[in-house]
Amino acid sequence: MLTSLTDGFLCCLLGKTPNAVGPLDSVESCDGFTFLEVKPGRVLRIRHGVPERRDPPASPGPAGSPERPALRCQRRITLYRNGQLLIENLPEATGPGSPRRPRPEPDGESGAPEATKDGMATKDGTTTKDGTATKDGTATKDGVATKDGTATAATKDSTATKDGAATKDGTVTKDGMATTATAAKRRKRKPKRVVTVDCKKRITSCKGTHSDVVLFFIHGVGGSLDIWKEQLEFFSKLGYEVVAPDLAGHGGSSAPPVAAAYTFYALAEDMRVVFKRYAKKRNILIGHSYGVSFCTFLAHEYPELVHKVIMINGGGPTALEPSLCSIFNLPPCVLHCLSPCLAWSFLKAGFARQGAKEKQLLKEGNAFNVSSFVLRATMSGQYWPEGDELYHAELAVPVLLVHGMHDKFVPIEEDQRMAEILLIAFLKVIDEGSHMVMLECPDTVNTLLHEFVLWEPDTPAARGDTK
């Protein structure tokens with residue numbers, strides 16, 4: 001504590017940033033890590049695990065087996081000027097052998113009698129729903145004949161209208177035409193933007209023996225690739241190729257001395273370089289907290305390469321905007337003085353329990369161990385107006401949402417809203433976990449992630465149905 005206060009006062013007097021991490025000179029692999037230079041002087045530390053396969057790499061499916069059919073993802077997304085979002089999931093195109101709905105004749109009439117909902121015949125001297133014949137052989141609703149033998153539609157509160165015309169809310173209008181008091185005054189709302197998603201996705205099970213599968217792990221603010229230690233070891237033993245980078249200024253990556261290096265767009269471009277460097281045919285993105293935003297960005301930019309996405313305590317589908325009243329707006333030297341308090345607050349909010357085990361996990365995971373300058377710049381740089389509900393609704397990739405019940409940073413309502421917006425989403429809640437659930441409950445998280453990686457949709461072709 002005294003060291004933090006002393007360094008903070010020196011920072012204010014000398015105008016230097018405490019605990020600044022200098023750029024790394026080497027880009028060679030060392031101790032299982034790879035150092036990738038994404039830009040001149042901007043180097044990221046990456047854990048890249050490639051399994052040793054003695055046998056020939058297995059293909060996604062056995063030889064001679066039919067290819068799994070692709071799912072057709074169709075939805076219409078309408079954004080109105082007041083911010084309201086209307087999402088319509090459209091059915092798949094009607095096949096040659098599937099039944100079609102009959103198209104009604106003009107004016108609601110047909111050339112031949114048709115059966116009613118309850119199997120009763122209608123028009124032209126037949127019985128009605130309640131078995132009651134009507135005047136002049138014309139069937140009416142509820143068996144009530146109307147003026148001149150013309151059937152009317154029942155109005156609200158069973159009130160007949162003038163000249164046999166039904167009106168809304170039981171109100172008679174001029175010339176028997178049904179209108180509303182506000183319909184003439186209210187103009188039809190014009191949408192601000194309409195987006196149609198129509199694509200085909202072939203979703204398959206991804207096994208460790210498949211050589212075209214890569215798992216990417218992206219951490220959040222204040223963390224490092226070390227928070228994925230249990231997951232990296234688990235999937236590496238199963239034969240998966242894994243890639244886990246450190247964000248700029250975090251872990252072993254270089255820390256540029258300018259705040260512009262830590263904006264969302266700057267960090268997203270770093271993740272784009274990493275993704276393009278290691279991506280294969282089927283890539284699965286796993287993100288935690290702020291890292292979920294980068295997974296969403298990559299899935300939106302590369303829909304053909306991103307096979308599945310896993311979001312762990314990522315929050316709702318809202319555009320990112322830094323808070324003006326955040327404690328992270330304080331000068332870096334003040335934040336450095338408050339670092340012990342911040343670490344204690346993170347322990348209280350990030351873990352369901354605050355014992356010696358959790359403190360050791362936090363230390364081993366190297367979480368929240370960044371300089372005050374990097375922490376302030378990263379929090380202030382979370383500006384991403386494009387990442388709103390419409391942006392997330394356009395994703396046509398399966399998503400697994402994992403939420404720790406005791407998370408004080410991300411309410412469960414936010415993940416529930418995310419599940420509602422996404423096209424294909426599954427929400428799993430871990431009762432014993434909090435924000436750092438991958439450290440608290442590694443076995444449970446590993447099981448959920450592995451099940452989702454192996455998951456594939458149950459289609460008729462997969463079940464062997466031919467009808």
Side-chain angles (χ1 to χ4, degrees), residues 75-89 189-197 218-223 247-248 259-272 275 285-303 306 309-329 349 374-403 407-425 427 435:
R75 63 178 4 189
R76 183 186 297 112
I77 311 166
T78 305
L79 177 65
Y80 292 96
R81 299 186 182 278
N82 62 351
Q84 182 181 1
L85 195 69
L86 176 63
I87 301 177
E88 302 170 272
N89 292 328
R189 290 192 304 170
K190 293 184 179 180
K192 180 180 179 180
R193 186 182 177 189
V194 178
V195 177
T196 302
V197 178
I218 306 178
H219 67 83
V221 179
L247 297 179
Y262 304 98
T263 63
F264 171 82
Y265 298 102
L267 298 177
E269 287 302 319
D270 291 346
M271 295 302 101
R272 184 202 297 271
F275 181 78
L285 307 180
I286 302 105
H288 171 249
S289 193
Y290 191 30
V292 168
S293 298
F294 303 117
C295 293
T296 305
F297 170 79
L298 293 175
H300 203 277
E301 292 290 308
Y302 303 98
V306 176
V309 176
I310 300 174
M311 304 179 177
I312 303 178
N313 292 327
T318 55
L320 297 180
E321 186 174 357
S323 175
L324 298 178
C325 301
S326 173
I327 189 176
F328 296 103
N329 291 330
V374 171
L375 183 61
R376 181 181 188 272
T378 306
M379 294 298 294
S380 301
Q382 293 184 3
Y383 179 72
W384 186 34
E386 295 86 1
D388 55 5
E389 289 189 346
L390 176 61
Y391 189 91
H392 288 80
E394 292 176 345
L395 294 179
V397 59
V399 178
L400 171 65
L401 300 164
V402 180
H403 182 85
D407 191 348
K408 296 181 178 61
F409 291 110
V410 179
I412 190 173
E413 291 78 12
E414 293 189 10
D415 278 333
Q416 290 173 342
R417 178 57 179 169
M418 178 73 84
E420 294 174 357
I421 290 295
L422 296 172
L423 179 60
I424 308 174
L427 175 60
H435 193 66

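Please read these numbers as outputs of a predicted model, since none were measured by experiment.
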- Please test Leu400 against Val309 for side-chain contact (heavy atoms from CB on, under 4.5 Å), starting from the C-alpha separation and ending with a verdict. CA-CA 6 Å; Leu400 171 65; Val309 176; over 6 Å; no
- Steps toward side-chain contact (heavy atoms from CB on, under 4.5 Å) verdict (Ile310, Val399): CA-CA 6 Å; Ile310 300 174; Val399 178; over 6 Å; no
- Evaluate the side-chain contact (heavy atoms from CB on, under 4.5 Å) criterion for residues Cys295 and Ile286: first the C-alpha distance (whole Å), next the side-chain angles of each, then the deciding distance (0.1 Å), finally the verdict. CA-CA 7 Å; Cys295 293; Ile286 302 105; 5.9 Å; no
- Message: Using side-chain contact (heavy atoms from CB on, under 4.5 Å), reason through Leu85 and Leu390 one step at a time and then give a plain yes or no.
- Response: CA-CA 7 Å; Leu85 195 69; Leu390 176 61; 4.3 Å; yes
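For Tyr302, the side chain to side chain donor-acceptor pair (under 3.5 Å) partners at least two apart in sequence or on another chain are Arg272. Glu413 is linked by a salt bridge (Lys or Arg N to Asp or Glu O under 4.0 Å) to nothing, counting only residues two or more places apart in sequence or in another chain. Applying the side chain to side chain donor-acceptor pair (under 3.5 Å) test to His288 and every residue at least two apart in sequence or in another chain returns nothing. Checked against side chain to side chain contact (heavy atoms under 4.5 Å, CB included), Thr296 has the following partners two or more places apart in sequence or in another chain: Val292, Met311, Trp384, Tyr391, His392, Leu395. Qualifying salt bridge (Lys or Arg N to Asp or Glu O under 4.0 Å) partners for Asp270, counting only residues two or more places apart in sequence or in other chains: Arg42. Among residues two or more places apart in sequence or in another chain, the ring pair (Phe, Tyr, Trp, His ring centres under 6.0 Å) test is passed with Phe297 by none. Not a single side chain to side chain donor-acceptor pair (under 3.5 Å) links Tyr383 to another residue, sequence neighbours left out. Residues satisfying the side chain to side chain donor-acceptor pair (under 3.5 Å) criterion with Ser289, sequence neighbours excluded, are His435.
Taking every heavy atom of both residues into account, Ala248 and Leu267 meet most closely at CB-CD2, 3.9 Å. The shortest non-hydrogen separation linking Leu285 to Ala299 is CD1-N, 4.1 Å. Shortest non-hydrogen contact noted between Pro385 and Ala319 is O-CB, 3.5 Å. Across Gly381 and Tyr290, no two heavy atoms sit closer than the pair O-OH, 4.3 Å. The two residues Asp415 and Val402 come nearest to each other via the heavy atoms OD2-O, 4.4 Å. Nearest approach of Ala266 to Ala261, heavy atoms of both residues: CB-O, 3.6 Å.
Put simply, CD1 on Ile312 and CG on Leu401 are 10.5 Å apart, with the number rounded to the nearest 0.5 Å. Atom CD1 of Ile77 sits about 8.0 Å away from atom OG1 of Thr196, to the nearest 0.5 Å. Annotation: the span from Ile87 atom CD1 to Arg76 atom CZ amounts to 12.5 Å, rounded to 0.5 Å.
Annotation: Lys192, atom NZ; neighbour count of heavy atoms from other residues, nucleotides and ligands within 6.0 Å does not exceed 12.
Within the 4.5 Å cutoff, side-chain heavy atoms of Leu86 are placed close to those of Tyr80. Phe275 has its side chain within reach of Val306: a pair of non-hydrogen atoms, C-beta onward, lies under 4.5 Å apart. Counting only heavy atoms from C-beta outward, the side chains of Leu247 and Phe294 approach each other to under 4.5 Å.
A donor atom on one side chain and an acceptor atom on the other are not found under 3.5 Å apart for Tyr262 and Gln382.
Note on residues 393-403: pairs passing salt bridge (charged side-chain N to carboxylate O under 4.0 Å, His left out), not counting sequence neighbours, are Arg193-Glu394.
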Show me the side-chain donor-acceptor pairs of residues 320-328 shorter than 3.5 Å, one per line, residues at least two apart or across chains.
from, atom 1, to, atom 2, distance (Å)
Ser323, OG, Cys325, N, 3.3
Ser326, OG, Phe328, N, 3.1

Pairs of donor and acceptor atoms involving the side chains of residues 416-423, under 3.5 Å and at least two apart or interchain, shall be tabulated with distances.
from, atom 1, to, atom 2, distance (Å)
Arg417, NE, Glu389, OE2, 2.9
Arg417, NH1, Glu420, OE1, 3.1
Arg417, NH2, Glu389, OE1, 3.1
Arg417, NH2, Glu389, OE2, 3.2

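With hydrogens and angles ignored, the 3.5 Å screen pairs no side-chain donor or acceptor of Glu414 with any backbone N or O of Gly315.
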